[in-house]
Engineer: 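The structure under discussion is supplied below as C-alpha cells; questions concerning it will follow.
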Amino acid sequence: MAVTAVYPGTFDPITNGHVDIAKRAASMFDRVYLAVAEDTAKQPILTLKERVSLAQTVLEDVPNVEVVSFSGLLVNFAIEKGARAFVRGLRAVTDFEYEMQLAGVNRELEPRLETVFIAASHEYQFISSSMVREIARLDGALGGFVHPVVEDALKEWRSR
Ligand code: ADP
C-alpha cells in the first residue's frame, strides 16, 4: 500500500532547509504533500499564492512531492488526503518543545496520524524563514539560504 505523508508549514518563504526535509521525506514516503497553511497565527509577508508558487518551482524536480495549500484543521486535511503521517523538521532544542506540543495535540485530535521528525542537516541547522525575511528586509545576500527564485521574490517584496 502506498504511504502518504503531509509536510505542513507556513513556508514564508520556503528555504533550502525546508527543501532538504521535503526531499528526504520524499525518499521515505510514496507521496508527500507539502501543505502551505492559509490560516496561520503568523502574519506572512508573502501571499498564499506566492508561497505556494515558490514551493512548486523549487520542488518541481521531485516527482512525488505535491505542493498544495490548506485551510482549517490540519488533521482533517491530512485524513482527506489519505495520509498516514505528518513530517516536521527538527533543528535545535528550541524547536523541540513546540514540535512535541504540536505532535501531541495532533495525535489527540487524530490518533490515526503519526508525526515523523526529520533531523535538520547540519548545513541547514541555522536557516529559518524568519532569519531569511530579516536578511531580505536589510537587503543582505540570500544565496546560501534560498533558491534564486525565492531570492528574486523577496527582492520584489522589498520594493513594494
Ligand atoms: P510553521 O509555521 O508550521 O512552524 P515553517 O514553515 O516555519 O512552519 O516550518 C515548517 C517545518 O519545517 C517545521 O517543522 C520547522 O521546524 C521545519 N524547518 C524549518 N526550517 C528548517 C531547517 N532549516 N531545517 C529543517 N527543518 C526546518
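The figures that follow rest on heavy atoms only: side chains count, while hydrogens, waters and symmetry mates do not. Counting starts at 1 for both ligands and their atoms, in listed order.
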Engineer: Whether the side chain of Asn16 engages the backbone of Gly144 through a donor-acceptor N/O pair (distance < 3.5 Å, no angle test) should be reported.
Structural biologist: yes

Engineer: Heavy-atom contact check, 4.0 Å cutoff: does Ser130 meet ligand 1?
Structural biologist: no

Engineer: Can you tell me the protein heavy atom closest to atom 9 (O) of ligand 1 and the distance?
Structural biologist: His18 NE2, 3.4 Å

Engineer: Is Glu99 in contact with ligand 1, taking contact as a heavy-atom separation below 4.0 Å?
Structural biologist: yes

Engineer: Is there a heavy atom in Phe117 that sits closer than 4.0 Å to ligand 1?
Structural biologist: no

Engineer: Which protein non-hydrogen atom lies closest to atom 20 (N) of ligand 1, naming both residue and atom, and how far is it?
Structural biologist: Arg91 NH1, 3.2 Å

Engineer: Are any of the N/O atoms in Asp12 less than 3.5 Å from those in ligand 1?
Structural biologist: no

Engineer: Any link between Val36 and Leu73 through a network of hydrophobic side chains (Ile, Leu, Val, Met, Phe, Trp, Tyr) touching at under 4.5 Å?
Structural biologist: no

Engineer: Of the protein's non-hydrogen atoms, which lies at the shortest distance from atom 16 (O) of ligand 1, and what is that distance?
Structural biologist: Gly89 O, 2.7 Å

Engineer: Hey, is ligand 1 close enough to Ser129 that some N/O pair sits below 3.5 Å?
Structural biologist: no

Engineer: Under a 3.5 Å cutoff, is there a donor and acceptor pairing between the side chains of Arg91 and Ser128?
Structural biologist: no

Engineer: For ligand 1 and Lys42, I'd like to know whether there is a polar contact (N/O to N/O, distance under 3.5 Å).
Structural biologist: yes

Engineer: Looking only at protein heavy atoms, which one is nearest to atom 3 (O) of ligand 1, and what is the separation?
Structural biologist: Arg88 NH1, 3.1 Å

Engineer: Any nitrogen or oxygen of Tyr124 lying under 3.5 Å from a nitrogen or oxygen in ligand 1? Just yes or no.
Structural biologist: yes

Engineer: Would you say Ala120 has any N or O atom under 3.5 Å from an N or O of ligand 1, going by distance alone?
Structural biologist: no

Engineer: Below a 4.0 angstrom heavy-atom separation, can you tell me which part of Asp95, side chain or backbone, both or neither, approaches ligand 1?
Structural biologist: side chain

Engineer: Linking I/L/V/M/F/W/Y whenever any side-chain heavy atoms sit under 4.5 Å apart, do Val19 and Leu46 land together?
Structural biologist: yes

Engineer: Verify the cluster assignment for Tyr7 and Val52: are they in a single hydrophobic cluster under the rule of side-chain heavy atoms below 4.5 Å apart?
Structural biologist: yes

Engineer: Should the heavy atoms of other residues, nucleotides or ligands under 6.0 Å from CZ of Phe126 be counted, would the total exceed 12?
Structural biologist: yes

Engineer: Examine the proximity of ligand 1 to Ser121 and report which part, side chain or backbone, both or neither, has a heavy atom under 4.0 Å away.
Structural biologist: neither

Engineer: Considering distance alone, does some N or O of Ile127 sit under 3.5 Å from an N or O of ligand 1?
Structural biologist: yes

Engineer: Hydrophobic clustering (ILVMFWY, side-chain heavy atoms < 4.5 Å, transitive) - are Val116 and Phe77 grouped together?
Structural biologist: no

Engineer: If you count the atoms of ligand 1 from 1 in the order shown, which ones are under 4.0 Å from a heavy atom of Phe11?
Structural biologist: 6 (O)

Engineer: Considering only heavy atoms of Pro8, which atoms of ligand 1 have at least one such atom less than 4.0 Å away?
Structural biologist: 10 (C)

Engineer: Specify the closest pair of heavy atoms between Val146 and Val132, including all atoms of both residues, with the distance to one decimal.
Structural biologist: CG1-CG1, 3.8 Å

Engineer: Taking both backbone and side-chain atoms of Thr10, is any N or O found less than 3.5 Å from an N or O belonging to ligand 1?
Structural biologist: yes

Engineer: Could you pull out the closest heavy-atom pair between Arg24 and Ala120, with the gap in Å?
Structural biologist: NH1-C, 4.2 Å

Engineer: Restricting to non-hydrogen atoms, name the atom on His18 and the atom on Ser129 that form the minimum distance, rounded to 0.1 Å.
Structural biologist: CE1-OG, 3.2 Å

Engineer: Going only through I, L, V, M, F, W and Y residues with side-chain contacts under 4.5 Å, is there a path from Leu54 to Val32?
Structural biologist: yes

Engineer: Tell me whether Arg158 at atom CZ has more than 12 heavy atoms from other residues, nucleotides or ligands lying less than 6.0 Å away.
Structural biologist: yes

Engineer: Backbone, side chain, both or neither: what part of Tyr7 comes under 4.0 angstrom of ligand 1, heavy atoms only?
Structural biologist: side chain

